[in-house]
Amino acid sequence: MNGELLIGLMGLVWLIGLIAIRIPIAYSMILVGGVGVTVLNGPAIFMSQLKDLAYAQFSIYDLSVVPMFVLMGNVATRAGLSQDLFRAANAWLGWMRGGVAMAAIAACAGFGSVCGSSLATASTMGRVALPELSRYNYAGSLATGTLAAGGVLGILIPPSVVLVIYAIIVEANIVTMFMAAFVPGLIAVAFFMITIFIYVTLRPDSGPPGDAVSRREFFEATLRVGPVLAIFGLVIGGIYLGFFNPTPAAAIGVFLVTVYGIVRGAVRVPDMRIALLDTAKTTGMIYLILLGAEMLKIFMSRGGVPQAAAEMMANSGLAPVTILILLLIALILLGCLMDSLSMILLAIPFFWPVIAELDFGMGAEELKIWFGILALIVVELGLITPPVGMNVFVISAMAKGVPMRDTFIGVMPFFVAELLRIGLLVAFPAIALWLPRLLSG
Amino acid sequence: MSAAETTMRAKSIGFARKLVEWWALAGGVLLIAVVLMTTWSVFSGAVFGTPFPGDFELTEIGVAVAAFAFLPYCQITGSNVSADIFTSRAGPRVIAALTLLAALIAMAFSLLLLWRMWAGMIDYQKYLETTAILQIPLWTAFVPILCSLALLCLASVVTLVEATEKLAQGAATGSKPS
């Protein structure tokens, strides 16, 4: 082992140590990256890089969709879309056994189509759906489990902030990534609904049927989601069909969601203020982590760590699929410790070179897409598993009567459904690749 | 510490918080301006065939300046994510000490970047670099960014002072885990 690699590996140990003692992940990366580069190259080069590095990183054009999608989600949480979505979904599904929970899943999917964040989806839909679920006497664990799991759809269904970040790290096409996420997202919705169906079949009193609605109410509720569907169609459909790039699409999305909120009387100046401040928090956090990841990347590639990891895996004699599964398991474990975005930024620069060296019978571009969708799903599992299942925390905090333990138990069936979906995607990459192939010809 | 000193300190911290929040809101308004400009550009491009000139570079500059303006607010509200799982059983004094350490790192980072990006601005002024279409001198974008970095330093001082106070309180009352 050469000296540079050793310094690189020591940097990794320091990084883990700093993160473990509660230093913000961004600053841990910045500190280790900066010190590491200085040790390897001397201070002069790094000091001169710093003149422009941060600005160059913050002004990447593709990255500008991130604050816009974050803002769109933050306005959407206040625009009253969540009520409309849930009412419509409930009109369609509520009459069935377990139907109100299924409606919550459908509404989460709908909300996820304008919001790229899992936590925002879980908390917004939780506020609307939890009272309804308890009104219909749904079991506490089913109600909270459904919403914690449903929140994951916020990030699986485009637009997705994590997916944009992944695309930027591995230099994949964002549009293709968004296309690839669509079918797996729909499968997630279907699997979650089937999970609820099985749950209420086994335990009929946990999810009694809701009220059937009158025909007039049914049409009224359905019509009210028109604007949401139109916004999603224009933003994501426009991106898919190549009418516009992600950034203009996101800008139009922010504009339309805001107009919708103002017209509905739900968004006023104080709401905009809170939406902007929330956007500031999330965007600032993401951008600082991105800067840290860039510094860490400079240090690590200079030390040759990703290359060494890729070489070691390639020479390990393990089958490509075994290595893939090992990496996915590593991601699931990491997901128990930190949030999805930091994890993508930390792990993908090491994992992607390993995967890129392996032969899965597809081209490099398709491999990027397939692995990205898998990583996204796996990373999101961390949101619903202990010890830091953020979605579960958020929903538990809202559902006062349900102990956190029940929520974790309630989410387990959905966790199993997710494992099945991952298995399906590993076995049949075409699930993710079909739509991009179709649309880009 | 006298009562007058304590209120003075509380007042200055309150002022710093307000300042940082307003700065972040200004960044947010800039982001909305970029959104409106881009929306207009798409609309005008589709209807009149004339997109807004230089919409690309305005987006790049606008979003970058806005993102820098968000950093102090992130620091002062403690929004930078950390992994709390390993220290979830630690007492409040240990947490305060670690927060103090994190604030020190943030402060050092803001000062280092302030110094280096100042030099970067001087470079851009000396070898005048402008955007391709609108010919905006790049150094002008650095002016608000340097203000953001100065505010980031201020924000980390605030978190530093608050963590020190907690540490002192913990020392006075004994380190009872809460």
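Chain naming here is simple, since letters A, B, ... match the order of the sequence lines and numbering starts at 1 in each.
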Select one option (side chain, backbone, both, neither) describing which atoms of [X] are under 4.5 Å from chain A's heavy atoms.
{"X": "B:Leu152", "answer": "side chain"}
{"X": "B:Leu31", "answer": "side chain"}
{"X": "B:Ala103", "answer": "neither"}
{"X": "B:Gln75", "answer": "side chain"}
{"X": "B:Ile145", "answer": "side chain"}

Check whether any side-chain heavy atom of [X] sits under 4.5 Å from a side-chain heavy atom of [Y], and report yes or no.
{"X": "A:Leu256", "Y": "B:Thr39", "value": "no"}
{"X": "A:Leu276", "Y": "B:Ile32", "value": "yes"}
{"X": "B:Leu101", "Y": "A:Tyr27", "value": "no"}
{"X": "A:Pro67", "Y": "B:Val63", "value": "yes"}
{"X": "B:Tyr73", "Y": "A:Thr283", "value": "no"}
{"X": "B:Ile122", "Y": "A:Lys51", "value": "no"}
{"X": "B:Val42", "Y": "A:Ile252", "value": "yes"}

Taking every non-hydrogen pair under 4.5 Å, which of [options] racks up the most with chain A?
{"options": "B:Thr99, B:Leu112, B:Leu36, B:Val34", "value": "B:Leu112"}
{"options": "B:Gly62, B:Ala102, B:Cys74, B:Ala46", "value": "B:Cys74"}
{"options": "B:Trp118, B:Phe68, B:Phe142", "value": "B:Phe68"}
{"options": "B:Thr77, B:Leu71, B:Val81, B:Val29", "value": "B:Val81"}

Fill in the blank from the handout: Here the gap from B:Phe70 atom CZ to A:Thr279 atom OG1, rounded to the nearest 0.5 Å, amounts to 7.0 Å
Handout entry: Short side-chain to backbone donor-acceptor contact, B:Arg116 and A:Leu50, under 3.5 Å
Key =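 No, the answer is negative, given that no donor and acceptor are paired below the 3.5 Å cut-off.
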Handout entry: Step-by-step side-chain contact (heavy atoms from CB on, under 4.5 Å) determination, A:Leu291 to B:Phe109
Key = CA-CA 12 Å; A:Leu291 178 63; B:Phe109 166 75; 3.7 Å; yes
Exercise for the section: Below 4.5 Å from any heavy atom of chain B, which atoms of A:Ile274 appear? Answer side chain, backbone, both or neither. Expected result: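 Neither part; nothing is under 4.5 Å.
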Practice task
Could you tell me which portion of A:Leu63 (side chain, backbone, both or neither) has an atom closer than 4.5 angstrom to a non-hydrogen atom of chain B?
Solution key: neither
Do you know which of [options] has the most heavy-atom pairs with chain B at a distance under 4.5 angstrom?
{"options": "A:Ala54, A:Ala26, A:Ser342", "result": "A:Ala54"}
{"options": "A:Ala251, A:Gly34, A:Gly253", "result": "A:Ala251"}
{"options": "A:Leu341, A:Ile30, A:Leu31, A:Ile60", "result": "A:Ile30"}
{"options": "A:Ser64, A:Ala275, A:Ala250", "result": "A:Ser64"}
{"options": "A:Tyr55, A:Phe255, A:Phe243", "result": "A:Tyr55"}

Exercise for the section: Assign the ring pair A:Tyr61 / B:Phe56 to parallel, tilted or perpendicular, where the plane angle (0 to 90°) is split at 30° and 60°. Expected result: parallel
Problem - Side-chain donor-acceptor contact under 3.5 Å, A:Arg22 with B:Ser82 - result: no
Problem - Audit row: B:Tyr124, A:Asp52, side-chain contact (heavy atoms from CB on, under 4.5 Å) steps and yes/no - result: CA-CA 10 Å; B:Tyr124 277 144; A:Asp52 195 45; 2.8 Å; yes
